Undergrad: 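The structure's right below; bear with me while I get my questions together.
Only a predicted model underlies this, so the values are computations on that prediction, with no experimental measurement involved. Here is how names work: the chains are called A, B, and so on, in the same order as the sequence lines, proteins then strands, and each is numbered from 1.
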Amino acid sequence: MNANENRGQNRSQEPDQPRYRYDAQMAQTIEEHWQKEWDQEGAFWAANVAGDLKDSKGRNAEGRSPYFVIDMFPYPSGKGLHVGHPLGYIATDVVSRYHRMKGENVLHAMGYDAFGLPAEQYAVQTGQHPRVTTEQNIANMRWQLHRLGLSFDDRRSFATIDSDYVRWTQWIFSRIYESWYDTEYRRRDGGVGSARPISELEESFRSGSRAIPGYPDRTWDDLDQAERSDVLNDYRLAYISKSPVNWCPGLGTVLANEEVTAEGRSERGNYPVYQRELKQWSMRITAYGHRLVEDLDILDWPEKVKLMQRNWIGESHGASVLFKVPAKDGERTMEVYTTRPDTLFGATFAVVSPEHDLLRHVPDQWPEGVPEDWKGGYPDPSAAVRAYRLAAEAKTARDRVDEAGEKTGLFTGLYAVNPITGARLPVFTADYVLMDYGTGAIMAVPGGDQRDYDFATKYGLPVIYTVKPLPDSGQDLADFEGKAPFVSHDGIVINSSIEATEEAGDALSLDGLRVDQAMERVTSWLESAGVGRGTVSYRLRDWLFSRQRYWGEPFPIVYDDQGLPHLIPDDQLPVALPDVPDYSPKTFDPEDSESNPEAPLSRNQDWVDVTLDLGDGPKVYHRDTNTMPNWAGSCWYYMRYIDPHDTKHMVEPREFDYWLGPNHNATAGESGGVDLYVGGVEHAVLHLLYARFWHKVLYDLGFVSSKEPFHRLFNQGMIQAYAYTDKRGQYVPAAEVEESEEGGKTIYTWQGERVNREFGKMGKSLKNIITPDDMYRTYGADTFRLYEMSMGPLDESRPWNTRNVVGGMRFLQRLWRNVVDESTGQVVVDEGELDEKTLKLLNQTIHDVTAEMEGMRPNTAISKLIVLNNRLTSLKVTPRAAVEPLILMLSPIAPHICEELWNKLGHQESMAHADWPTWDERYLGQDTVTAVVQVKGKVRGKLEVGPDISAEELQAKALALPAIQERLGGKEPRKVIVKAPKIVSIVPA
RNA sequence: GCCCCGGUGGCGAAAUGGUAUACGCAUCGGACUUAAAAUCCGCCGCCUGUAUUGGCAUGUGGGUUCGAUUCCCACCCGGGGCACCA
């Protein structure tokens, strides 16, 4: 390479500064030079198994071990990046570069998640098409990231808005739409339950091997098209939902449960959300509830994230129990769900949710002797339940949360018969029972449940205790009686025994059993009596999948003149967004719950009406005018990095197996998937759950070979920043705040005025933004990378402090000076052998830094590299044999300066694929060790001893020390513990 | 309310049962310089003391251990998640 003569020469304005000092100016020259060099060389190209994507040497993968490492891909917002954003990108880059040096075939690439509301809103504000603004934003972000020296394979970059990509997103939707969940199908991994083509289901209806729900007396060929479409819709994994959905008038779109807060407001914009019956696309993620929980076990993820997913899915095991309810129009059955079937004997009343079907069968009059407060002042039960239901609907979710604990409810006039005891339980309706969990009805056990206890106390209902504390728990049931329920999964069952009778069936006794045994005993009793069975319940709901937006993927669906949906054939994909003048969403008064969604695409009649030949000749159809949510693109992008330009496959199976298949390398495990996935914990539930779901469907259908998309997940911490407010509470520019001492305290002033310091996020409105561009200008990308990696552990949040950045810069300057003469620019190194001390420190450093890199602890790796460099600084001339390994080890963190020094030291090849240094075990030991002599655990003396000293000899030496003799006062020690060669611990008499 | 994570110098932090405070920042002192910057060297937890030394320190209180920042129990403070899920 023809080295640029001016590179590495100082061009700063300071007249007396050495010409070849490493400063911000020089860093910039060096960094831009090497970035260009790497681009031209294709230094970071990963090699596929076959095909055109080869490495820079023109090779395919050729048996090299794959390593797939990516970041959660960014949303290219118009605001640009601040210094907090690249933390994870720098971390994955360090990991990528390290693995490349270990000889692995590293796939590291970056794409852009570019559909979505902010882009649309920004476009509406600026009056530009979202495609234009989004592409500008991507270009800007690409530049910012490129300037950091990130080692991406740029051939594999793409954006979710690319038509190549949209085509496959729609293709995946089509596969999900054409599938159903067969709960009995045995998968190739041995599990039971799998997505299967809907054609198989249709065939089983046609052949009669499966009964047609809703049409028990008819054959499939007998049904008309609309009836068949309707039956299949109830099975499809992507289906048209008929149950209430979250409608947000303020945003003008419907939302998924995951996008609605506990207060019942939109996560974005904080507008009210209403439950409305609207026909919308939904994904049957609930079919995968159990597998999504179960397979967390084979993932290398933070426990915290696994726990959040488990909680969100909320799998609970229990029993559903049938209660008979005599009503005016005949006997009804009420099914309740309980996680504690062992407490059936303690049920003293039942509660149904205000929307429950049973409430249509309440009696015309209140039964005799009903307490007044059970009636709520209503003349008859149906008036009561109607009024209560209306009142409950009018309550916002916010009200419900505020009132949690304060129980309300009314008697329904109905009684339910406990199937075990035959007891008649009054049935109430109350809004603490939710219609969409379990069966919407519960048996209330005030002796074992706080909510039931609260309700029972308010309405004067009896309390029966059926579980007592374990004898060794230190608790006694008498402490609870009359005061509180005994809520525990540990305990001994009491008062739970019946004789065999005609009414109740076989005898049953749970007395004396532990709770878990009792639950099993009751459940099997219920099953044999035909009045209940063990069931599993989930908190997870199906995923509402359509949005009324412009800037998203259109659905590959058209409707015929009967309104029946038809899939657009794969060879006609992608369905492109029409170019429309008005892409703004139709929003409403946020409080207007009566409004109806209006999709922007519906305004374009030319696009909506389309003539297609779907197999029975050209006909006019109407396109679906919804778009997919932002999550669609991020559900599968990781696998598209394998080849974003593949026109034949979503992903080619052989390439998938190599990069992401099960056991594709030593750590991938049976889950397979991305080897390292770095991103913020804010995606713990949404993105990560949706992507796992899609992946599992594609796995079931045989398109991918791994069970999971991401084998190892790492959540980087947040970079926090100080913000300052004046006495009116207004934020002032943080960069202009001055720090000083007053009366021993640190005070902060802005323009001479005292200001308050706060601690939190970095943000434009907080006036404390520092951008990567600021860092490039004053220090260079290498110093910026070094600082971010040295601030502390990667997974912890920490405050940004620009003042500390200079420490990293000084380290790089010392390293530079150790190789390059600052005034002449000449490389000066000692070609001879290393002295003993340097040799040992070098080997120890290689050993330690390797371990730190493996453990993703760049902060401690850096401190060890600094120690080694400080040793080299103390030598007259820097030895090549020590500085070269140092540069190699530093190169993943500060790649540009290392490439420059490597080049100056005479190496022609880029370091990108240089070998990571190895250590020699022989040099790890030390000649002498400082042994510590402790008396009662306190250090009272030190000895320099050989590393191989025997325990006996060390003990003798320690006891001979005058200071120790003095402490012992001539007496024999009671005990001496020797851990040669480090510690002698003496216990005096 | 329930669950999870954390609390170490003036500051960012290191040490996961064995010399607490590595590395960096700031402050202070010295060398170089006419001077300053830069650079190099050094001090740098608190109390006592010229120093040797001694005592006290890892949120608080207890426990286990020859020895605890590390393990156990209780509490205080900070951050995060969930929140009537039967």
Side-chain angles (χ1 to χ4, degrees), chain A residues 14 16-18 21 23 262-263 302-305 307-308 311-312 314-316 318 336-340 343 351 353 400-401 403-407 430-434 436-445 448-452 454-455 537-540 681-682 684-685 718 720 739 741 744-746 759 786-787 790-793 795-808 810-811 813-814 817 822 857 859-867 870 873-874 930-942 963 973-979 982-988:
Chain A
E14 301 277 337
D16 296 343
Q17 193 162 312
R21 165 159 299 169
D23 66 359
E263 285 83 34
E303 277 308 315
K304 180 189 167 164
V305 176
L307 190 69
M308 282 166 74
N311 288 343
W312 186 262
E315 180 175 84
S316 79
V336 307
Y337 175 72
T338 176
T339 55
R340 291 293 300 275
T343 63
V351 187
S353 85
R400 286 197 176 205
V401 171
E403 290 167 11
E406 180 56 36
K407 297 285 174 290
D431 63 4
Y432 82 90
V433 175
L434 310 176
D436 58 358
Y437 182 79
T439 58
I442 62 160
M443 59 174 205
V445 184
D449 184 284
Q450 185 66 51
R451 294 154 303 184
D452 296 345
D454 294 344
F455 195 89
S537 226
Y538 296 89
R539 210 190 83 115
L540 182 70
V681 73
E682 66 273 16
V685 175
M718 218 180 10
Q720 296 165 315
E739 200 180 313
E741 293 275 316
K745 276 186 175 172
T746 310
F759 186 55
L786 185 65
Y787 174 62
S790 66
M791 291 169 83
D795 53 358
E796 271 171 39
S797 295
R798 56 301 232 342
W800 176 268
N801 198 339
T802 303
R803 211 165 60 163
N804 290 351
V805 178
V806 70
R810 286 183 193 149
F811 164 50
Q813 283 176 331
R814 277 197 301 274
R817 249 195 317 271
E822 282 192 332
R857 293 182 298 270
N859 53 325
T860 46
I862 289 166
S863 81
K864 280 158 188 168
L865 294 172
I866 292 174
V867 171
N870 287 348
T873 306
S874 74
T930 307
V932 175
V933 187
Q934 297 179 336
V935 179
K936 283 164 77 177
K938 290 199 189 294
V939 179
R940 298 300 180 189
K942 291 177 187 178
R974 189 155 60 89
K975 197 174 174 186
V976 180
I977 294 128
V978 184
K979 301 268 169 172
K982 295 284 288 181
I983 298 280
V984 180
S985 189
I986 299 165
V987 190

Undergrad: Could you check whether Thr873(A) gets within reach of a base, just the sugar-phosphate, or nothing at all, counting any heavy atom under 4.0 Å?
TA: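 If one applies the 4.0 Å heavy-atom cut-off, Thr873(A) turns out to touch nothing in the nucleic acid.
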Undergrad: Can you check the distance between rG42(B) and rG24(B), where both ends of the measurement are the P atom (answer in whole Å)?
TA: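 Here rG42(B) and rG24(B) have their P atoms 11 Å from each other.
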Undergrad: Just to verify, what does Trp312(A) make a ring pair (Phe, Tyr, Trp, His ring centres under 6.0 Å) with, not counting sequence neighbours?
TA: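 Ring pair (Phe, Tyr, Trp, His ring centres under 6.0 Å) list for Trp312(A), sorted by chain: empty.
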Undergrad: What is the distance from OH of Tyr432(A) to C1' of rA86(B), rounded to the nearest Å?
TA: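 It is 8 Å, rounded to the nearest whole Å.
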Undergrad: List the atom of Pro799(A), the atom of Met791(A), and the distance in Å for their closest heavy-atom pair.
TA: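 So the minimum-distance heavy-atom pair works out to O-CE, 3.3 Å.
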Undergrad: Indicate for each nucleotide in nucleotides 12-19 of chain B, in 5' to 3' sequence, whether protein heavy atoms under 4.0 Å reach the base (B), only the sugar-phosphate (S), or nothing (-).
TA: SSS---BB
Undergrad: What's the shortest heavy-atom distance between Gly792(A) and Asn859(A), and which atoms?
TA: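 Looking at all heavy atoms of both residues, the shortest contact is C-ND2, 3.5 Å.
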Undergrad: Taking OP1 and OP2 of rA86(B), is either one under 4.0 Å from a side-chain nitrogen or oxygen of Ser537(A)?
TA: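 Looking at the OP1 and OP2 atoms of rA86(B), neither is under 4.0 Å from any side-chain N or O of Ser537(A).
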Undergrad: Roughly how many Å is it from CZ in Phe811(A) to P in rU39(B), rounded to a whole number?
TA: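 Rounding to the nearest Å, CZ of Phe811(A) and P of rU39(B) are 15 Å apart.
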Undergrad: Might you point out which heavy atoms bring Val433(A) and Ala441(A) nearest each other, and give the distance in Å?
TA: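 Distance-wise, the nearest heavy atoms are CG1-N, 4.1 Å.
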Undergrad: For Arg940(A) and rC66(B), is the shortest distance between a side-chain N/O and OP1 or OP2 below 4.0 Å?
TA: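 For Arg940(A), the contact criterion (side-chain N or O under 4.0 Å from OP1 or OP2 of rC66(B)) is not met.
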Undergrad: To the nearest Å, how far apart are Arg814(A) CZ and rU39(B) C1'?
TA: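 So the two atoms are 10 Å apart, to the nearest Å.
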Undergrad: Return the value, rounded to whole Å, for the distance between atom CZ of Phe455(A) and atom C1' of rA86(B).
TA: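 Taking CZ of Phe455(A) and C1' of rA86(B), I get 14 Å after rounding.
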Undergrad: Would you say the side chain of Arg21(A) lies within less than 4.5 Å of the side chain of Arg817(A), judging by non-hydrogen atoms?
TA: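 Yes. Closest side-chain heavy atoms under 4.5 Å.
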Undergrad: In whole angstroms, how far is the C1' atom of rC40(B) from the CZ atom of Arg21(A)?
TA: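 One finds 12 Å between C1' of rC40(B) and CZ of Arg21(A), rounded.
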Undergrad: Is the shortest side-chain heavy-atom distance between Tyr787(A) and Thr802(A) below 4.5 Å?
TA: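 In short, these two side chains do not touch, never coming nearer than 4.5 Å.
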Undergrad: Working note: Met443(A) + Thr338(A), criterion side chain to side chain contact (heavy atoms under 4.5 Å, CB included); need CA distance, chi angles, decisive distance, verdict.
TA: CA-CA 7 Å; Met443(A) 59 174 205; Thr338(A) 176; 3.8 Å; yes
Undergrad: Taking only the side-chain heavy atoms of Thr338(A) (C-beta and beyond), determine which of rA26(B), rA86(B), rC84(B) contains the nearest atom.
TA: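 Per side-chain heavy atoms of Thr338(A), the pick is rA86(B).
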Undergrad: Spell out yes or no: do the side chain of Lys864(A) and the base of rC23(B) have one donor N/O and one acceptor N/O closer than 3.5 Å?
TA: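 Absent.
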Undergrad: rG6(B) P sits how many Å from Asp795(A) CG, rounded?
TA: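 Those two atoms, CG and P, are 9 Å apart.
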Undergrad: Mind checking the C1' distance from rU60(B) to rG49(B)? Whole angstroms is fine.
TA: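 31 Å, rounded to whole Å.
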Undergrad: Take the protein atom CG of Asp23(A) and the nucleotide atom P of rU39(B), then report the distance between them rounded to whole Å.
TA: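 For the pair Asp23(A) CG and rU39(B) P, the rounded distance is 12 Å.
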Undergrad: Using the P atom on both, measure rG63(B) against rA68(B) and round to a whole Å.
TA: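 Between the two P atoms, the distance is 12 Å.
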Undergrad: What are the two closest non-hydrogen atoms of Ser537(A) and Tyr437(A), and how far apart are they?
TA: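 That would be CB-OH, 3.7 Å.
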Undergrad: Would you say Tyr337(A) places a side-chain N or O within less than 4.0 Å of OP1 or OP2 belonging to rA86(B)?
TA: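 It does not, given that no N or O in the side chain of Tyr337(A) lies less than 4.0 Å from OP1 or OP2 of rA86(B).
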Undergrad: In whole angstrom, give me the gap between the C1' atoms of rG59(B) and rC5(B).
TA: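 rG59(B) and rC5(B) have their C1' atoms separated by 16 Å.
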Undergrad: Which residue, Lys975(A) or Leu307(A), contacts RNA chain B at a nucleotide closer to its 5' end, judged by nearest heavy atom?
TA: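 Checking each residue's closest nucleotide, the 5'-ward one belongs to Leu307(A).
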Undergrad: Just jot down the salt bridge (Lys or Arg N to Asp or Glu O under 4.0 Å) partners of Arg857(A), sequence neighbours excluded, or say none.
TA: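 Testing Arg857(A) for salt bridge (Lys or Arg N to Asp or Glu O under 4.0 Å), a comparison that skips the adjacent residues, returns Glu852(A).
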Undergrad: Which pair of heavy atoms, one from Leu786(A) and one from Phe811(A), lies closest together, and at what distance?
TA: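 Result for this residue pair: CD2-CD2, 3.6 Å.
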Undergrad: Give me the atom names and distance for the closest heavy-atom approach of Ala430(A) to Phe455(A).
TA: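 In this case the closest contact between Ala430(A) and Phe455(A) is CB-CE1, 3.8 Å.
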Undergrad: What's Asn870(A) touching, base or sugar-phosphate or nothing? Going by heavy atoms closer than 4.0 Å.
TA: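 Here Asn870(A) touches the backbone only, sparing every base.
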Undergrad: Set out, line by line, the N/O atom pairs under 3.5 Å between protein and nucleotides 79-82 of chain B.
TA:
from: rG80(B); atom 1: O2'; to: Lys304(A); atom 2: NZ; distance (Å): 3.4

Undergrad: Test of understanding: with salt bridge (Lys or Arg N to Asp or Glu O under 4.0 Å), list the residues that count as partners of Arg340(A), not counting sequence neighbours.
TA: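 If we apply the salt bridge (Lys or Arg N to Asp or Glu O under 4.0 Å) test to Arg340(A), skipping adjacent residues, the hits are Asp342(A).
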Undergrad: Could you give me the CA-CA distance, side-chain angles and deciding distance for Gln934(A) and Val932(A), then say whether side chain to side chain contact (heavy atoms under 4.5 Å, CB included) is met?
TA: CA-CA 6 Å; Gln934(A) 297 179 336; Val932(A) 175; 4.0 Å; yes
Undergrad: Quickly work out the Arg803(A) CZ to rG24(B) P distance and round it to whole Å.
TA: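 In whole Å, rG24(B) P and Arg803(A) CZ are 17 Å from each other.
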Undergrad: Below 4.5 Å, heavy atoms only, C-beta onward: do Ile986(A) and Val933(A) meet side chain to side chain?
TA: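 Yes, at least one pair of side-chain atoms sits under 4.5 Å.
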Undergrad: Pull up the glycosidic torsion of rG10(B) and say syn or anti, syn being anything within 90° of 0.
TA: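 Anti conformation here, the glycosidic angle of rG10(B) being more than 90° from 0.
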Undergrad: With C1' as the reference atom in both, quote the distance from rC43(B) to rG6(B) in angstrom, rounded to an integer.
TA: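 The same atom, C1', in both gives a distance of 33 Å.
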Undergrad: For rU21(B) and rA15(B), measure between their C1' atoms and round to the nearest Å.
TA: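 Straight-line distance between the two C1' atoms is 9 Å.
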Undergrad: Using a 3.5 Å limit on both pairing distances, list the dot-bracket string of RNA chain B from the 5' end; Watson-Crick and G-U wobble pairs count, crossing pairs take [ ], interstrand pairs take |.
TA: (((((((..(((.....[....)))..((((.......))))..(((......)))..(((((..]....))))))))))))....
Undergrad: In whole angstrom, give me the gap between the P atoms of rC2(B) and rU64(B).
TA: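 So the two P atoms sit 29 Å from each other.
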Undergrad: When rounded to the nearest Å, what value does the distance between P atoms of rC46(B) and rU58(B) take?
TA: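 Straight-line distance between the two P atoms is 15 Å.
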